Amino acid sequence: MIRLYDSSVGQVVDLVPRDEGRLAVYLCGPTVYDLPHLGHGRHALVWDVARRWWTFSGYDVRFVSNITDLDDKIIERADHDHATEGEIAATYEAAWWSALDALGVVRPDATPHATAYVREMIELIEQLLASGVAYSIDDGIYFDTAAVPDYGRLAGQPLESLRAGARVEVVADKRSPLDFALWKAATFGQPSWAAPFGPGRPGWHTECVVMSLALLGEDFDLHCGGLDLRFPHHENERAQAVALGRPFARHWAHHGWVMAGEEKMSKSLGNYTSLTDLLASHDPRAYRLLVLRSHYRQPIEVSAATLADAERALARLDGLARRFALPTLAGPTAWARAESTAWSPEGEELRAEVAAALDEDLDTPRALAALFEAVGRAHALADAEDDRAEALAEAVGALLAALGLSLRAGAAEVDQESARLVAARDAARTTRNWAAADHYRDELVARGWVVEDGSGGTRLHRA
RNA sequence: GGCGGCGUGGCCGAGUGGUUAGGCAGGGGCCUGCAAAGCCCCGUACUCCGGUUCGAAUCCGGACGCCGCCUCCA
């Protein structure tokens with residue numbers, strides 16, 4: 001049984017799927033108007049880990065995540081760059097997938113684009129108008145938040161208090177500052193679509209309702225995203241579905257921020273680092289490990305120091321892979337399921353420990369602690385020539401792979417000159433010519449290798 | 001103003017009313033020709049003040065500090 005913190009009720013609850021053995025999950029995707037930043041990286045990693053784990057645990061997970069290719073930000077960017085909206089969206093969507101591929105994130109089962117669902121959005125807006133929960137004013141169609149009795153459920157406070165604190169700029173004729181645009185009346189020079197209620201373009205909050213219901217059906221299991229989407233975006237999505245009497249997400253989950261120092265990292269604050277930059281200078285696995293090391297609902301700090309820390313921890317894991325020649329298992333397309341793996345008694349114990357942690361609100365730090373402890377145990381067993389060592393090490397590798405973390409067992413390509421130095425060093429060591437041996441080692445280190453002596457002589461791997 | 005979260009050893013970061021988190025860094029030892037990797041040992045932490053309790057970092061009350069949401073944002 002999966003247990004997960006449900007933001008709509010404020011506690012960890014049993015995640016009982018709509019259809020037994022299946023999970024229908026919707027993750028709010030990015031608006032593609034700029035390079036992804038570190039926060040997007042965490043967003044992708046957290047839910048990739050969850051999805052992989054649930055799949056590993058035997059669920060048939062259907063994972064849908066959209067691309068918002070229709071939005072004010074894209075229009076602004078297009079103006080600024082003298083490009084079309086379509087070009088901007090295509091450019092940054094490509095950057096998005098390339099970053100996610102580098103992170104080893106599995107592609108969603110479906111990736112709906114907002115522009116492909118405009119007709120369905122128009123239909124939804126018509127229904128909302130017909131039901132009397134939407135109204136038309138000069139600049140568009142608005143949703144009447146007062147029409148939904150439990151509006152504010154996701155925000156955790158009633159409509160009145162939200163209204164009291166509203167910082168939204170006042171739009172003339174809006175009935176409440178909380179009312180949001182379903183349809184923005186066409187403006188000259190901006191993309192627009194014909195609709196019975198006048199040409200224009202859909203507001204942001206409508207696309208996800210339409211696409212999630214279209215691809216996952218009513219009453220789907222989980223809707224997730226960053227904490228900043230909890231209100232108003234998710235609240236507004238839910239409001240639209242509820243207003244039409246359509247069962248929406250059964251559960252809601254939100255992950256925490258990436259911090260820049262003491263502040264939330266965000267586009268509007270301008271204090272962000274692009275994910276693309278990080279990936280160019282660090283092992284992408286280090287970011288995944290960093291994400292795994294903290295609980296998904298807590299803030300994390302991604303800095304040169306914390307990444308370096310993670311990279312050293314990663315080296316310990318790769319060290320295990322080297323010693324036991326573990327296969328590289330994860331990767332974007334490698335899926336594993338627990339039942340298809342042969343577990344030794346020690347491995348099974350570890351699997352159960354990891355499962356207990358992850359099934360309780362995705363406690364990845366606890367799971368990782370168990371795995372790191374097992375790393376030490378596997379080494380100790382091997383030192384004692386206990387034949388249970390290998391199976392335990394394999395279990396560690398399999399479980400890390402289940403979380404999307406792949407280990408590297410060896411040096412990829414050893415060039416000819418390095419191979420020559422290795423042979424020379426081994427020869428020198430055989431004749432106990434330590435000065436020569438050390439010289440060759442220095443040469444190898446200078447070529448970027450980490451040199452280790454094993455039973456078979458000099459072994460190399462990349463730092 | 002309303003609502004929510006957080007404050008743990010040098011750093012990162014979990015957690016249960018009493019028993020080892022884990023990683024990184026650091027110290028000592030073993031192994032090694034020397035290293036590297038690995039193993040063993042080591043710090044006895046929990047913002048502060050009260051309270052409940054045989055016993056609290058863990059429960060309750062209060063104080064202080066920090067962060068976030070109520071506008072676009074993963």
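For clarity, every value in this text was computed on a predicted model and none was experimentally measured. Every chain is numbered from 1, with letters handed out A, B, ... down the list of sequences.
A salt bridge between D453(A) and R425(A) is present, with a side-chain N of the basic residue lying under 4.0 Å from a carboxylate O of the acidic one. A salt bridge links D318(A) with R285(A): the distance from a Lys NZ or Arg NE/NH1/NH2 to an Asp or Glu carboxylate oxygen falls below 4.0 Å. Salt-bridge annotation for E452(A) and R322(A): present, with a side-chain N of the basic residue lying under 4.0 Å from a carboxylate O of the acidic one. A salt bridge is absent between R163(A) and E160(A); no separation between the charged side-chain nitrogens and carboxylate oxygens falls under 4.0 Å. A salt bridge does not link D359(A) with R3(A): every distance from a Lys NZ or Arg NE/NH1/NH2 to an Asp or Glu carboxylate oxygen is 4.0 Å or more. A salt bridge between R175(A) and D179(A) is absent, with no side-chain N of the basic residue lying under 4.0 Å from a carboxylate O of the acidic one.
When heavy atoms are screened at a 4.0 angstrom cut-off, G319(A) is found touching no nucleic acid atom at all. Within the 4.0 angstrom heavy-atom criterion, no nucleotide atom of any strand lies near P158(A). Contact annotation for V450(A): backbone-only contact, meaning every heavy-atom pair under 4.0 Å involves sugar-phosphate atoms and none involves a base. Using a 4.0 Å heavy-atom cutoff across all strands shown, R153(A) reaches no nucleic acid atom at all. Using a 4.0 Å heavy-atom criterion, one finds that S266(A) contacts the bases of the nucleic acid, with or without backbone contacts as well. Nucleic acid contact class of V46(A) (heavy atoms, under 4.0 Å, all strands): none. When heavy atoms are screened at a 4.0 angstrom cut-off, H254(A) is found touching no nucleic acid atom at all. When heavy atoms are screened at a 4.0 angstrom cut-off, G226(A) is found touching the sugar-phosphate backbone but no base atom. Among the heavy atoms of the strands, none lies under 4.0 Å from A164(A). If you check every strand for non-hydrogen atoms under 4.0 Å, G41(A) touches nothing.
Across the protein-nucleic acid pair, H461(A) atom NE2 and A36(B) atom P stand 12 Å apart, rounded to whole Å. Here C3(B) presents its C1' atom at 12 Å from CG of L227(A), a figure rounded to the nearest Å. Nucleotide A35(B) holds its C1' atom 18 Å from the OH atom of Y440(A), rounded to whole Å. Between the C1' atom of A14(B) and the CG atom of L362(A) lies a distance of 14 Å, rounded to the nearest Å. For L178(A) and C69(B), the CG to C1' distance is 13 Å, given to the nearest whole Å. Rounded to an integer number of Å, the gap from D72(A) CG to U71(B) C1' is 12 Å. A straight line from OH of Y296(A) to P of G13(B) spans 17 Å, rounded to a whole angstrom. The CZ-P distance, from R377(A) to U20(B), rounds to 15 Å in whole Å.
Side-chain proximity of H43(A) to the nucleotides A36(B), A74(B), C72(B) is greatest for A74(B). Of all nucleotides listed (C69(B), G15(B), G33(B)), C69(B) comes nearest to the side chain of W257(A). Relative to the side chain of Q298(A), the nucleotides A14(B), G33(B), C70(B) differ in distance, and A14(B) lies closest. Nearest to the side-chain atoms of H295(A) among the listed nucleotides U71(B), C73(B), A14(B) stands A14(B). The R429(A) side chain lies nearest to C34(B) when the options are C67(B), U71(B), C34(B). Comparing G38(B), C70(B), A74(B) by their closest approach to the side chain of L162(A) singles out C70(B). Among the nucleotides A37(B), A74(B), G33(B), the one closest to the side chain of M265(A) is A74(B). Considering only the side chain of E452(A), A36(B) comes nearest among A36(B), A74(B), G13(B).
No more than 12 heavy atoms of other residues, nucleotides or ligands shown are found within 6.0 angstrom of CD on E349(A).
Put simply, the side chain of N66(A) never gets that close to the backbone of T111(A): no donor and acceptor are under 3.5 Å apart. Judged by distance alone, the side chain of S176(A) and the main-chain N or O of L178(A) form a donor-acceptor pair under 3.5 Å. Panel note: side chain D363(A), backbone H295(A); no donor-acceptor pair is recorded below 3.5 Å.
Pairing partner, U19(B): none, since no Watson-Crick or wobble contact has both distances short of 3.5 Å. If you check G7(B) for Watson-Crick or wobble pairing at under 3.5 angstrom, you find it paired to C64(B). Pairing of U71(B), defined by two Watson-Crick or G-U wobble distances under 3.5 Å, is not identified with any nucleotide. Across all strands shown, G43(B) has no partner, as no Watson-Crick or G-U wobble contact with both distances under 3.5 Å is found. Across all strands shown, the partner of C59(B) is G51(B), judged by Watson-Crick or G-U wobble contacts whose two distances both fall under 3.5 Å.
A donor-acceptor contact under 3.5 Å links the side chain of D453(A) to the base of C34(B). With hydrogens and angles left out, the side chain of D438(A) and the base of G33(B) share a donor-acceptor pair within 3.5 Å. One can find a donor-acceptor pair under 3.5 Å joining the base of A35(B) and the side-chain atoms of R441(A).
Nearest-nucleotide positions on RNA chain B place G165(A) closer to the 5' end than the other of G165(A) and F231(A). Toward the 5' end of RNA chain B, the nearer of the two residues H255(A) and A437(A), judged by each one's closest nucleotide, is A437(A).
The phosphate of A74(B) (OP1 or OP2) has a side-chain N or O of H40(A) nearer than 4.0 angstrom. For K264(A), no side-chain nitrogen or oxygen approaches OP1 or OP2 of A74(B) to under 4.0 Å. The phosphate of G33(B) has neither OP1 nor OP2 within less than 4.0 Å of any side-chain N or O from R432(A).
On the C1' atoms, A63(B) is 35 Å away from A74(B), given to the nearest whole Å. Look at the C1' atom in both U58(B) and A21(B): the space between them is 14 Å, to the nearest Å. Nucleotides G23(B) and G15(B), compared at atom C1', are 15 Å apart to the nearest Å. For the C1' atom pair drawn from A37(B) and C73(B), the interatomic distance equals 45 Å after rounding to whole Å. Across the C1' atoms, G22(B) and G17(B) are found 22 Å apart, a figure rounded to whole Å. Taking atom C1' in both U19(B) and G55(B), the straight-line distance is 13 Å, to the nearest Å. When the C1' atom is compared between U47(B) and C66(B), the two are found 11 Å apart, to the nearest whole Å. Rounded to the nearest Å, the gap between the P atom of C11(B) and that of G2(B) is 35 Å.
Between H234(A) and H205(A), the ring centre distance reaches or exceeds 6.0 Å. With ring centers used as reference points, F180(A) lies under 6.0 Å from F143(A).
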Discussion item. Using a 4.0 Å heavy-atom cut-off to protein, can you give one letter per nucleotide of nucleotides 21-28 of chain B, 5' to 3': B if the base is in contact, S if only the sugar-phosphate is, - if neither?
Written reply: BSBSS---
